[in-house]
2 protein chains.
Amino acid sequence: MNTEKRNYHHGGLREALIEAAVLILEEEGIPKMSLRSIARAAGVSQAAPYSHFANKDALLIEVAAYGFSQFSYALEKPKAMSGDPKGLIEHLVTLGVVYVNFAMENKALFQLMFGDALSEISKSESYLKEGQRAYDCIDKAVRHLKDEGAATVAAWSMVHGLATLMVDQKIDFTNDVEKQVRSILQFLNLK
Amino acid sequence: MNTEKRNYHHGGLREALIEAAVLILEEEGIPKMSLRSIARAAGVSQAAPYSHFANKDALLIEVAAYGFSQFSYALEKPKAMSGDPKGLIEHLVTLGVVYVNFAMENKALFQLMFGDALSEISKSESYLKEGQRAYDCIDKAVRHLKDEGAATVAAWSMVHGLATLMVDQKIDFTNDVEKQVRSILQFLNLK
DNA sequence: ACCTGAACACCGTTCAAGT
DNA sequence: ACCTGAACACCGTTCAAGT
């Protein structure tokens, strides 16, 4: 395993570094995800990443963008089944459950995605694109119930607040995420 | 200024280190807040902090606890003026504004307080005590409108979500925090 | 163009030694 | 008991040098 050092000279190190970073991120946590440990995991020297990224942040921004692409994919999967109000509310609950489950199953990645450690992240095309996809998903679901920008922000804040409080261990860990999401969304009134 | 090196031998280094950490935290940000830079700011050697704290995290936990004491104080200040429903809702809006304003005016401290970087924080007496004070404030205000645990979690999630999204720059920065808080809390239905 | 090895300035932490 | 100075094992980043 350790000895099958692939030949990254044939163009693949950039992606391999991102993959290695994602692995270390979820398996060892943010503090252990150093640029040097990522390079080690990819089987290259400590300075090699600088051939593909301006600095550590630039690599982490790509990791965050990858996270948003996975996140958006998960949010786009469940399709609204019926057009009646009850079905629309049920769809919103489903999105909330997907949101919180993603956060709990990818804690460190979620923190990287939504934290503000990466000062240049808003200059990344892929981050903006994948992030917008996720936002559009929530926005569309909310606007079917209440076509107002503030309503989206309200729903998003509520679900995101629960997700962060759970990930950051400020709220009792509940295995039953759906029950938890349902219990707060009952207090969201989209008239 | 640099030369007036106080004599910390007479018991004050512990508090001086916490103060120095708070200053660096807000003025230079989390990445610059190293244990060595804190020690430098307090005018002692790099190893001196270990006479008062087991490690860097132990010091940061005290900083977070200090943050919660300030936070709780701010939340306790505004008193509910009238007992009628309208006054109670107004009180909740006020608490939301205080919450978000604290986050925006103490970004790095807020992130330290509510992040999960400090793995041993839940073992700190002062953190638990000051954190409980803040929670009780919100819980009391919500329970006057709707006496249900889930209602508190819903209101807290919504306000905390807005605060984190703003601090982490995932939502358009708005100078008018009150307007923003009001615009989302209109969708909180405590029946 | 892509990668290495050595170097620099940082870090957290430990430990013998000083007072 | 409290603090220092030196040391250790880490970092991120730069740069000359190799292919």
Side-chain angles (χ1 to χ4, degrees), chain A residues 2-21 23-25 27-64 108 112 115-121, chain B residues 2-21 23-25 27-64 108 112 115-121:
Chain A
N2 260 335
T3 53
E4 56 129 334
K5 199 187 282 183
R6 279 167 287 175
N7 188 355
Y8 289 123
H9 266 280
H10 301 301
L13 181 53
R14 196 192 141 91
E15 279 63 37
L17 287 167
I18 296 173
E19 279 174 42
L23 263 168
I24 293 173
L25 186 59
E27 247 140 68
E28 321 218 24
I30 290 179
K32 293 261 183 190
M33 187 189 47
S34 66
L35 192 49
R36 290 169 99 116
S37 72
I38 295 168
R40 250 178 266 133
V44 290
S45 80
Q46 69 210 223
Y50 289 92
S51 295
H52 297 92
F53 300 97
N55 49 38
K56 185 186 179 182
D57 272 15
L59 167 49
L60 295 195
I61 285 169
E62 289 312 303
V63 172
L112 195 70
D116 83 328
L118 308 171
S119 54
E120 310 272 78
I121 198 169
Chain B
N2 261 334
T3 52
E4 55 129 337
K5 198 186 282 183
R6 280 168 287 175
N7 188 356
Y8 289 122
H9 266 279
H10 301 301
L13 181 52
R14 196 191 142 90
E15 279 64 36
L17 286 167
I18 296 173
E19 279 174 41
L23 263 169
I24 293 173
L25 186 59
E27 246 140 68
E28 321 218 24
I30 290 179
K32 293 264 183 188
M33 188 189 45
S34 66
L35 192 48
R36 292 169 97 116
S37 72
I38 295 168
R40 251 179 265 132
V44 290
S45 80
Q46 67 211 224
Y50 290 91
S51 295
H52 297 92
F53 300 98
N55 49 37
K56 186 187 179 182
D57 272 15
L59 167 50
L60 295 195
I61 285 169
E62 289 312 302
V63 172
L112 195 70
D116 82 329
L118 308 171
S119 53
E120 311 273 75
I121 198 169

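Please read these numbers as outputs of a predicted model, since none were measured by experiment.
- In this structure, the side chains of B:Asp116 and B:Ile121 stay at 4.5 Å or more apart for every pair of heavy atoms.
- Along DNA chain D, the nucleotide nearest A:Ser37 and the nucleotide nearest A:Ala54 are compared for position; the residue whose nucleotide lies closer to the 5' end is A:Ser37.
- Looking at residues two or more places apart in sequence or on another chain, you find no salt bridge (Lys or Arg N to Asp or Glu O under 4.0 Å) involving B:Glu15.
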**Prompt:** How does DNA chain C read in dot-bracket, base by base from 5' to 3', with Watson-Crick or G-U pairs under 3.5 Å and | used when the partner is on another strand?
**Reply:** ||.|||||...|||||.||
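- Separation of atoms CG (B:Leu17) and CG (B:Leu59) is listed at 6.0 Å; rounding is to 0.5 Å.
- Between A:Phe53 and A:Ile18 the shortest heavy-atom distance is CZ-CG1, 4.0 Å.
- Between A:Ile38 atom CD1 and D:dC11 atom P there is a gap of 10 Å when expressed in whole angstrom units.
- Residues B:Val63 and B:Met33 fail the side-chain proximity criterion, which asks for heavy atoms closer than 4.5 Å.
- Rounded to a whole Å, the NZ atom of B:Lys32 is 13 Å from the C1' atom of C:dC11.
- What separates CG of A:Asp57 from C1' of D:dT13 is a distance of 13 Å, to the nearest Å.
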N/O-N/O pairs, protein side and nucleotides 4-7 of chain D side, under 3.5 Å:
unit_1 : atom_1 : unit_2  : atom_2 : d
D:dT4  : OP2    : B:Ser45 : N      : 2.6
D:dT4  : OP2    : B:Ser45 : OG     : 2.8
D:dA6  : N6     : B:Gln46 : OE1    : 3.4
D:dA7  : N6     : B:Gln46 : OE1    : 3.0

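- When rounded to the nearest whole Å, the span between CG of A:Leu35 and P of D:dT13 equals 7 Å.
- Of the candidate nucleotides D:dC11, C:dT13, C:dC2, D:dC11 has the atom nearest to the side chain of A:Arg40.
- By the side-chain contact (heavy atoms from CB on, under 4.5 Å) test, A:Ile30 is found to be paired with A:Leu25, A:Ala108, A:Gln111, residues two or more places apart in sequence or in another chain being considered.
- For the OP1/OP2 pair of D:dC3 and a distance below 4.0 Å, the side-chain nitrogens and oxygens of B:His52 include at least one atom meeting the criterion.
- Partners of B:Ser37 by side-chain contact (heavy atoms from CB on, under 4.5 Å), not counting sequence neighbours, listed by chain and number: B:Ile24, B:Ser34, B:Arg40.
- What separates CD of A:Glu28 from C1' of D:dC11 is a distance of 16 Å, to the nearest Å.
- For residues 41-60 of chain B, the pairs satisfying side-chain hydrogen bond (donor to acceptor under 3.5 Å, both in side chains) are B:Arg36-B:Gln46, with sequence neighbours left out.
- Put simply, A:Arg14 has no side-chain N or O that comes within less than 4.0 Å of OP1 or OP2 on C:dC3.
- Rounded to a whole Å, the OH atom of A:Tyr50 is 12 Å from the P atom of D:dC15.
- The separation between B:Met33 atom CE and C:dG12 atom C1' is 13 Å, rounded to whole Å.
- One can place CG of B:Leu17 at 15 Å from C1' of C:dG12, the figure rounded to the nearest angstrom.
- Judged as a salt bridge (Lys or Arg N to Asp or Glu O under 4.0 Å), and not counting sequence neighbours, B:Glu28 has no contacts.
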